[in-house]
Amino acid sequence: MSKIKQLIAFLIISNLLTLCFLAYSFINKDFQQNNYFIEEIQEPLVELQGMIHDQQESNWKHPELVSFQAYKIQKAIKDVLQERHFAHSKLKEEEKSNLREINQALQSLPQNTSKTIAKWKKKDKQNALTFEKALVLAKMDTNEADYKKFMNKCKIVASETAKINDISK
């Protein structure tokens, strides 16, 4: 009987340890997914807002910096919208739609290539300023490590940038 009690105790302890490990894995995955959105999309959007403002202040001396930052954000959004991306499962359909809308607005800005620097026209600068206003309206200038707040900000930016996207068509 003693061996049976030891076996049962061992099985209970091993099952508890397995459950603890699984819980830790789920919590860690959620943390990593949230961290991706904050570090790879929100922070670069905050930086983009500052860059656009600085370019306006400096009479658009180096608009290619805005193009570079916009590309960085577009790449992060494109990556996370792919089903195989580790953070993709976190997104709801509305959030995916909002990120697509933001991505489309960023694509309307001049794009640098590996061989050329984008040429900015007056309309491009106006689109960038409209995008900056959308970021300001959404209060994207405050870095918060909260996924839900960030996605609410993305919803505001997406609805505002839909105007840019409609005009660009």
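For this chain, numbers begin at 1 and follow the sequence in order.
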Q) Atom NZ in K149, atom NZ in K139: separation rounded to 0.5 Å? A) 11.5 Å

Q) With side chains defined as the heavy atoms from C-beta onward, is the minimum distance between I41 and L45 less than 4.5 Å? A) yes

Q) Any salt bridge between K133 and E160, counting N to O under 4.0 Å? A) no

Q: Please tell me if the side chains of L16 and F21 come closer than 4.5 Å, counting only heavy atoms from C-beta onward.
A: no

**Q.** Neighbour count >12 (heavy atoms, 6.0 Å) for atom NZ, K78
**A.** no

(Q) Donor-acceptor pair, distance only, cut-off 3.5 Å: does the side chain of K155 make one with the backbone of N98? (A) no

Q) Ignoring hydrogens and geometry, is there a side-chain-to-backbone donor-acceptor pair from E101 to S159 under 3.5 Å? A) no

(Q) Determine whether H88 and Q82 satisfy the following criterion, side chain to side chain contact (heavy atoms under 4.5 Å, CB included), listing intermediate values before the conclusion. (A) CA-CA 7 Å; H88 179 82; Q82 294 179 9; 5.9 Å; no

**Q.** Under 3.5 Å: donor-acceptor pair, side chain of H85, backbone of A87
**A.** yes

Q. Closest approach of S58 and K61, non-hydrogen atoms and distance?
A. O-CG, 3.1 Å

Q. To the nearest 0.5 Å, what is the distance between CE (M140) and SG (C154)?
A. 4.5 Å

Q) Are F131 and V157 side-chain neighbours, meaning at least one heavy-atom pair lies under 4.5 Å? A) yes

Q: Would you check if L81 and N103 make a side-chain contact, meaning some heavy-atom pair closer than 4.5 Å?
A: no

Q.
Between L106 and L48, is there a side-chain heavy-atom distance shorter than 4.5 Å?
A. yes

Q) Mind checking whether L129 and V46 sit in one hydrophobic cluster, side chains of I, L, V, M, F, W, Y counted as touching below 4.5 Å? A) yes

Q | Hphob cluster co-occupancy, Y71 + Y36, side-chain heavy atoms under 4.5 angstrom | A | no

(Q) Would the distance check show the side chain of D124 and the main-chain N or O of K121 forming a donor-acceptor pair, the cut-off being under 3.5 Å? (A) yes

Q) Just how far is it from atom CD1 of I52 to atom CD of Q55, taken to the nearest 0.5 Å? A) 9.5 Å

Q. To the nearest 0.5 Å, how far apart are CD1 in I156 and CG in L135?
A. 11.0 Å

Q. Would you say Q111's side chain and S67's backbone share a donor-acceptor pair under 3.5 angstrom?
A. no

Q.
Show the nearest heavy-atom pair for residues T161 and A105, with the distance to one decimal.
A. CB-CB, 3.5 Å

Q: Output the distance between atom CD (E132) and atom CG (N127), rounded to the nearest 0.5 Å.
A: 13.0 Å

Q.
Checking the side chain of S97 only, and the main-chain atoms of E93 only, is there a donor and an acceptor separated by less than 3.5 Å?
A. no

Q: Could you tell me whether the side chain of W120 reaches within less than 4.5 Å of the side chain of V66, counting heavy atoms only?
A: yes

Q: Determine, for Y147 and K90, whether the Lys NZ or Arg CZ falls below 6.0 Å from the six-membered ring centre while staying within 45 degrees of the axis.
A: yes

Q. Is I4 reachable from I12 through a run of I, L, V, M, F, W or Y residues, each pair having side-chain heavy atoms under 4.5 Å apart?
A. yes

Q. Can a donor-acceptor pair be found between the side chains of Q69 and E47 at a distance below 3.5 Å?
A. yes

Q: Using side chain to side chain contact (heavy atoms under 4.5 Å, CB included) as the criterion, point out the one residue from E95, E43, M151 that pairs with F37.
A: M151

Q.
Measuring only between side-chain heavy atoms, which start at C-beta, is V136 closer than 4.5 Å to Q49?
A. yes

Q.
Check for me, please, whether I73 and F68 land in the same ILVMFWY cluster - side-chain distances under 4.5 Å, paths through other members count.
A. no

Q) So, does N112 use its side chain to make a donor-acceptor pair with the main chain of A118 at under 3.5 Å? A) yes

Q) For the hydrophobic clusters of this structure (ILVMFWY residues joined by side-chain heavy atoms under 4.5 Å, transitively), does one cluster hold both F150 and F86? A) yes

Q | Euclidean distance, Q33 CD relative to I38 CD1, rounded to 0.5 Å | A | 12.5 Å

